[in-house]
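Naming convention: chains lettered A, B, ... in sequence-line order (proteins, then strands); numbering from 1 in each chain. In this text the structure is predicted, and so the values were computed from the model without any measurement.
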Amino acid sequence: MSRSELSKNYEPTEVERRWYAHWQERGYFAPRDGEGPPFVILIPPPNVTGSLHFGHTFDHTIQDLLTRWHRMMGEPTLWLPGTDHAGIATQNVVEKRLAEQGKTRHDVGREGFVEEVWRWKSTYHARITEQMRRLGDSVDWSRERFTMDEGLSRAVREVFVRLHRKGLIYRGNRIINWCPRCRTALSDEEVNHVDTDGKLYYIQYPIKDSKKSVTVATTRPETMLGDTAVAVHPADQRYAPMHGKTLVLPFLGREIPIILDDTVDAKFGTGAVKVTPAHDPNDFEMGKRHDLPFITVMDEGAVMNENAGGFQGLSREEARTRIVDALKDRGLLARVEPHRHSVGHCDRCDTVVEPYLSLQWFVKMKPLAEPAYAAIEKGELTILPRRWEKVYLRWLEGIRDWCISRQLWWGHRIPVWTCAACKEEIVAVETPHACPKCGGADLVQDPDVLDTWFSSWLWPFSTLGWPEETEDLKRFYPSSVMVTGPDIIFFWVARMVMAGYEFMGKCPFPVVFLHGIVRDAQGRKLSKSLGNSSDPIELMDRFGADSLRYSLVLLSPQGADIHGFSDEKVDLGRHFANKLWNAFRLVQPHLDGFAPDEAKAKGHYTDEDLWILSTLATTVRSVTRNMRAYRIGDAAKDIYDFVWRELCDWYLEMAKPRLYAEAGTPDAIAVRTTIHTVFGHVLRLLHPFMPFMTEELWHALPGTEGDVATAEWPAPARGSSHPEAEARIALLKEIVGSIRNLRSEMNVAPARKAAILIRASEPDATTLRHQHDLILLLGKGESLEVGPEVAKPRITASAVVRQHEIFLPLEGLIDVELERQRLRKEYERVVREFESSHRKLQNDDFLAKAKKEVVEREREKFEALGETKEKLQRNLEVLG
RNA sequence: GGGCGGUUAGCUCAGUUGGUUAGAGUACCUGCUUGACAUGCAGGGGGUCAGAGGUUCAAGUCCUCUACCGCCCACCA
């Protein structure tokens, strides 16, 4: 029963390490066996080589508080952790490391390189998981997964084979987005379009056997070397004479036809467009329609190749400059105009993406998208905030095939082999050892790997053992909610839904909760490299994980970004933690050895006891309601307001004399029982938000059993609502507020006690007489007189509250002029309101059309204002 | 080009189905070693609710338009 002394200020670091280890030892993070549907969250796997940044901190805080909340509600809970191999990003990181040693991946070879990445993986993995522990993530470490571990790799191959068999995976020669720096294909989602000020070059292509020429407009002159036609709209009369003519491509002398195509916009440029089927998606289509040659003029690094004639060996940028110069020299450059257009950039390295013709693997998405689309309509999937549903649906409507092959070394190898002897293609889950057709043993696996998201989209079931019918899969699929940022709604969320329906026949989660991004005052994402924030870990070192967590949640508007976050904002949570800590320090000595005794306390609760218990019940309801609706910021605010504004500001102040009075009396038991109840509830309500400190205090609170981490989530007790007590305390607060205001305005020294007179009518007069001691305590009075007949002192400060008059006879202290000014200001305010109310009540339309209650309320208000006005006026007159 | 958000106190945000004097935190000002907390206590100033028009007895709240900010999507040669 011995309770340790609490330090004056909360010291988080030691406390946090201790309790995390404790919870883990107790096995709280694993779902307990049991009845009832489990609560399941799968972590959006962070990039294994990344480190925990603010995005994760916020993301994990939300998931952890939901998990802890459900755990306290007695549900078996599983928050499954894991990391992502993040193909391109990780390969880039490791390549950069090699570069520091003056090496490239080719120097170490494919096998050596992949081994090197695995080594890095384990180093970084330890770092990120340690960060998660620091934050307090109550994840089930025994179920941790990695997107490249054996089980998940198996799932990836299985899915590839199944989709291939279904005809939903195919290989094709197509124009894809190519990053010349990463030297790999990208999906459409991995390209960021940036509006760029470019130029529109008007180039003249001479007509064969003629002095004339046709002028085409292009933003990319360097691709002209790959032109195999010039297209005009068939109905464009300007070009009617040119139909059937042949043009001579400058530099190369290639003869190319003028073709007619409906897709040409006659209004753009000159109405004649150069056609480069191997370097532009539109032209590619046109090339197919008109059976044009496809000539690639660049290599994988976007360096001009052997088809570029004299420009071979130049980068695409150099080639552009040289070609433009050369055109100028030959008088073939008609003009150049400024032109703003959108240019694609690599999501990973920001290099300008090249539309590039190459042989890649694709997933046919249309059939997969249909059930994902219907999920919203059928109510099987809700995306919060709801506005994101439109974004999701629109993307699905316009869905295009997914390019899944990557020319990288780090990732899941494509499970396709080709027989060297008979060229048979083998698509298989397990590595084949002989060609099923000719028996040849020389099988060559496709060198490419799969897009990272091709493993991530299986996360909701691959982590649970799929394709095996495991117990976990049966029990934990689908999960309860997906918590993530809207930036990966297409990359990940939509694709998980598709995979869920395709392979499990069910939506992987009923709710997607999208939260905002943490930004600084300039609206930039927080990052250490930008220098606009500390590392979250550093902030936790300085202020504690609880403070950081609570601050983030408190600052987050629903589904919108957190703006203006900075280190100082963590004070919000830190100060709050300190406040609660100290409130606890106040009451703890009085609770030592105390056991709450509702039976003995019953009948001895005071109004303030009943009021705080009633307010607590309201808070419990509100917090729970807000949590259910994912309004977690509001839930945090509910607790904040209750603890600080009600409990500390009022209740504990009122309770002090009773706490210091003799123990063991019925009143002493009542106040202690009340305090015990309130703290027991607050600690439980707050635990999901501030797991560490609440656990520490829970163990310091006498009579608690077990850990708060597994304590029961509070529900408002029956009979905990006390509206009459609430009303009486509300009156008290107003009266005390007014007294304090008077004292302050009259510059009364805080230590000086003053007589208080309240001219009040019944029934409030009786209430206020009962509150005698509290009014003296909180209003710093030396005496109190209450009643309808209280005489107004000659020299006094005065105020009117609910038609009751408060007098502070401060003889010798009253500055009459000051008091007059104060009263006059108040009087004028009341008059303004009185008049506006008067006008309303004289308006027949208002009386006829407004709801009865509204009119009634207005009448009451009018009456009250009238009385208040008169009293203020009299008091003003007396001042002279 | 299309779409989606937003605009309320210096800053960050609340503001339920229209109905008391538009709130909170923070910053600011004044005064306080008040029997837990100066990471605190008490008090105070500060808002033409982006603009215009409309609906209504009544608009921060509903409708229309405009301006500005932000985000997303887009095969604008």
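The same atom, C1', is picked in U66(B) and in A77(B); the two are 34 Å apart, to the nearest Å. G25(B) and A59(B) have their C1' atoms separated by 27 Å, given to the nearest Å. Straight-line distance between the C1' atoms of C76(B) and G60(B): roughly 41 Å, to the nearest whole Å.
Counting any heavy atom pair closer than 4.0 Å across all strands shown, Lys825(A) reaches sugar-phosphate atoms only and no base atom. Here Ala583(A) lies in heavy-atom contact (under 4.0 Å) with a base. Within 4.0 Å of Ser837(A), counting heavy atoms only, lies no atom of the nucleic acid at all. Arg394(A) comes within contact range of the sugar-phosphate backbone alone, with a heavy-atom separation under 4.0 Å but no base atom that close. Across all strands shown, Asn741(A) has heavy atoms under 4.0 Å from sugar-phosphate atoms exclusively, and none from any base. Contact annotation for Asn9(A): base contact, defined as any heavy-atom pair under 4.0 Å involving a base atom. Nucleic acid contact class of Glu653(A) (heavy atoms, under 4.0 Å, all strands): base. Across all strands, Asp844(A) comes closer than 4.0 Å to no nucleic acid atom at all (heavy-atom distances). As judged by a 4.0 angstrom heavy-atom cut-off over every strand, Arg857(A) is placed among residues touching the sugar-phosphate backbone only. When heavy atoms are screened at a 4.0 angstrom cut-off, Val216(A) is found touching no nucleic acid atom at all. Nucleic acid contact for Lys840(A): none, since no nucleic acid atom lies under 4.0 Å from a heavy atom of the residue. Nucleic acid contact class of Lys656(A) (heavy atoms, under 4.0 Å, all strands): base. Among the heavy atoms of the strands, none lies under 4.0 Å from Tyr10(A).
The side chain of Leu572(A) lies closest to G25(B), out of A77(B), G25(B), G31(B). Among the nucleotides A77(B), G25(B), C13(B), the one closest to any side-chain atom of Arg645(A) is G25(B). The side chain of Glu745(A) approaches G44(B) more closely than any other nucleotide in the set G44(B), G35(B), C73(B). Taking only side-chain atoms of Leu555(A), from C-beta outward, the nucleotide of C37(B), U12(B), C57(B) with the closest atom is U12(B).
For U16(B), the OP1/OP2 oxygens have no side-chain nitrogen or oxygen of Arg631(A) closer than 4.0 Å. Residue His563(A) has a polar side-chain atom (N or O) positioned under 4.0 Å from OP1 or OP2 of C13(B). Taking only side-chain nitrogens and oxygens, His575(A) never comes nearer than 4.0 Å to OP1 or OP2 of C37(B). For C75(B), one of the phosphate oxygens OP1 or OP2 lies less than 4.0 angstrom from a side-chain nitrogen or oxygen of His193(A). Put simply, Lys780(A) has no side-chain N or O that comes within less than 4.0 Å of OP1 or OP2 on C32(B). The phosphate of G40(B) (OP1 or OP2) has no side-chain N or O of Trp581(A) nearer than 4.0 angstrom. When the side-chain nitrogen and oxygen atoms of Tyr660(A) are compared with OP1 and OP2 of A36(B), one or more of them lie within a distance under 4.0 Å. Between C75(B) and Arg400(A), a contact under 4.0 Å exists linking OP1 or OP2 to a side-chain N or O. At U20(B), none of the side-chain N or O atoms of Lys861(A) fall inside 4.0 Å of OP1 or OP2 (strictly under the cut-off). Of the side-chain N and O atoms in Lys569(A), none sit less than 4.0 angstrom from OP1 or OP2 of C11(B).
Between the side chains of Tyr205(A) and Asp227(A), a donor-acceptor pair is found at a separation under 3.5 Å. A donor-acceptor contact under 3.5 angstrom links the side chains of Asp638(A) and Ser622(A), judged on distance only. Judged by distance alone, the side chains of Asp261(A) and His290(A) do bring a donor and an acceptor atom under 3.5 Å apart. Side-chain contact check for Ser187(A) and Glu190(A): at least one donor-acceptor pair (N or O, by modelled atom type) lies under 3.5 Å. Side-chain polar atoms of Tyr651(A) and Glu646(A) form no donor-acceptor pair below 3.5 angstrom.
Relative to the six-membered ring of Phe362(A), Arg174(A) meets both conditions, a distance below 6.0 Å and an angle of at most 45° to the axis.
A donor-acceptor contact under 3.5 angstrom links the side-chain atoms of Lys579(A) to the base of C37(B).
Scanning for ring-ring contact (aromatic ring centres under 6.0 Å, His included) contacts around His676(A) gives an empty result, with sequence neighbours left out.
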